[in-house]
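See below for the structure under consideration.
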2 protein chains.
Amino acid sequence: MAIDRFNILKKFFKKHRRLPSYSEMLSLFGFASKNAVFKLINRWVDEGFIKKYNKKLSPTPKFFALPLVGIIKAGFPILAEENKSYLTLDDYLIENPAFSFLLKVNGDSLIGIGIFEGDIVIIEQKKEAKNGDIVLAQIDNEWTLKILKKDRINRNIYLQAANPKYPNFFPQQELNIHGIVKAVIRKIN
Amino acid sequence: MAIDRFNILKKFFKKHRRLPSYSEMLSLFGFASKNAVFKLINRWVDEGFIKKYNKKLSPTPKFFALPLVGIIKAGFPILAEENKSYLTLDDYLIENPAFSFLLKVNGDSLIGIGIFEGDIVIIEQKKEAKNGDIVLAQIDNEWTLKILKKDRINRNIYLQAANPKYPNFFPQQELNIHGIVKAVIRKIN
DNA sequence: TGACAAAGTGAACAAATGTTTACTATAATC
DNA sequence: GATTATAGTAAACATTTGTTCACTTTGTCA
């Protein structure tokens, strides 16, 4: 019932990317009085799904978040209420939206670390990377996604695949780092 | 300049999960007249970043979206304007929020298909799955994440790991499907 | 059954909303 | 240098906003 209305609200947000106003909620929820909406919203505010700021409503992280359930343990019901936290994907994955972009992976050079053809990686643009970072780089004018290897004093820099069938790549002229991989995403089906 | 203001707007949305009102934008952008805001917003509406519905503002997918760049090709600048599309992660990954939850993977039984310990998988709750689906299942009262194997007539059902060191799992009494994996997410670092 | 809280109605209200119109300053273009 | 578009100011406006108050209906449970 109440959760039914909350789903209606979620659907509205998914469609319009904003919360409805009180009068829009009138028809959404089938109320006749704005006061009914007022009381309903205040309950959700108390429960932490919605926040008020400057007399305007905004959803909290809890509003969007999916339950994150814990480790699978043999014989244990894992969906128990007590060990669940919440996670919002966009916030979780992208810390720096202004400097991030997505890259669709092609090739099998990183399968050893679980990055497959067709996967999407989140790249954060930066020119510096440390040993072991997965970098989007330009090596001798060729673009590639590889593991950066270098020692402490920045000598002996090269790129490494995570697939035994590829050799290491030593730059002949130059090696420019354009960004590093912050996350990997794979949609199944 | 204009892009600078757009970033201010994005930051506001990231913080409050809603667009600011015109009077809030006054101080945000440093304008003295609401008409300046009005004109600015209308430009963004024309450019497709913002929509108006019921005289209220909402961000479009383009507002959030990160550029998705194409395949890496040797020697080619991949960030070219022409082959870029946009993607919003939440929308892309989660089709059915009401029936989805996240599960933190433990164990190495699926490394063969690139699902590692610590990865987060998006599970869509359903009781039926088809051959080859990665399922969250209860086999003889033990919870597990495995690949479902079955033939066309629903005989010979068992669970399979994607790691040669594990055998196949044939249910002694029962096998209950609780959901299937729709996406895999890995944060790096 | 009666008492009491929860849920909804209806009307009223100040404050804030997005929009419009008229005007000015700044920058760009021929 | 005159012209014209662009960017911003200022004030006024009808609508809509979220909130409040008083009241009624519905459901719960002792």
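- Across all strands, B/Lys56 comes closer than 4.0 Å only to sugar-phosphate atoms, never to a base (heavy-atom distances).
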Which donor-acceptor pairs under 3.5 Å do the side chains of residues 28-40 of chain A make with protein atoms, sequence neighbours left out?
from    : atom 1 : to      : atom 2 : distance (Å)
A/Ser33 : OG     : A/Asn35 : N      : 3.1
A/Asn35 : OD1    : A/Lys39 : NZ     : 3.4

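- Side-chain contact, A/Thr144 with A/Lys146: a donor N or O sits under 3.5 Å from an acceptor N or O.
- Qualifying side-chain contact (heavy atoms from CB on, under 4.5 Å) partners for A/Asp46, counting only residues two or more places apart in sequence or in other chains: none.
- Across residues 22-31 of chain B, B/Tyr22, B/Ser23 each have a non-hydrogen atom less than 4.0 Å from an atom of DNA chain C (numbered order).
- Each end of the helix from C/dT1-D/dA30 to C/dC30-D/dG1 yields a helix axis from five base pairs, and these two axes differ in direction by 40° (to the nearest 10 degrees).
- Among the atoms of the strands shown, base atoms are found under 4.0 Å from some heavy atom of B/Asn35.
- At a threshold of 4.0 angstrom between heavy atoms, the contacts of A/Lys39 include nucleobase atoms, whether or not backbone atoms are also involved.
- Scored by the side-chain contact (heavy atoms from CB on, under 4.5 Å) test, A/Pro97 finds A/Ile94, B/Lys14 as partners (sequence neighbours excluded).
- Along DNA chain C, the stretch of nucleotides lying under 4.0 Å from any heavy atom of chain B spans, 5' to 3', C/dT17 to C/dT21.
- When ring centroids are compared, A/Phe170 and A/Tyr158 come within the 6.0 Å threshold.
- A donor-acceptor contact under 3.5 angstrom links the side chains of B/Asn42 and B/Lys52, judged on distance only.
- Pairs engaging residues 177-189 of chain A under the salt bridge (Lys or Arg N to Asp or Glu O under 4.0 Å) rule: A/Asp119-A/Arg186, A/Lys187-B/Glu95 [sequence neighbours left out].
- For A/Glu24, the salt bridge (charged side-chain N to carboxylate O under 4.0 Å, His left out) partners are A/Arg18, not counting sequence neighbours.
- Listed by chain and number, the residues in a ring-ring contact (aromatic ring centres under 6.0 Å, His included) with B/Tyr53 are A/His16 (sequence neighbours excluded).
- Remark: B/Lys126 fails to qualify as a cation-pi partner of B/Phe99 under the 6.0 Å distance and 45° angle criteria applied to the six-membered ring.
- Heavy-atom distances to DNA chain D give each of B/Lys34 and A/Leu57 a nearest nucleotide, and the one nearer the 5′ end belongs to B/Lys34.
- Using modelled atom types and a 3.5 Å distance limit, the side chains of A/Gln125 and A/His178 yield no donor-acceptor pair.
- Residue-level contact check: B/Ala32 touches the backbone only, with heavy atoms under 4.0 Å from sugar-phosphate atoms and none from bases.
- Partners of B/Phe116 by ring-ring contact (aromatic ring centres under 6.0 Å, His included), not counting sequence neighbours: none found.
- DNA chain C is contacted by both B/Ser33 and A/Lys55; A/Lys55 maps to the nucleotide lying nearer its 5′ end (nearest heavy atom per residue).
- Chain B approaches DNA chain D within less than 4.0 angstrom (heavy atoms of the protein), and the contacting nucleotides run 5' to 3' from D/dA7 to D/dT17.
- Residues that satisfy the side-chain hydrogen bond (donor to acceptor under 3.5 Å, both in side chains) test with B/Lys165, not counting sequence neighbours, are B/Asp108.
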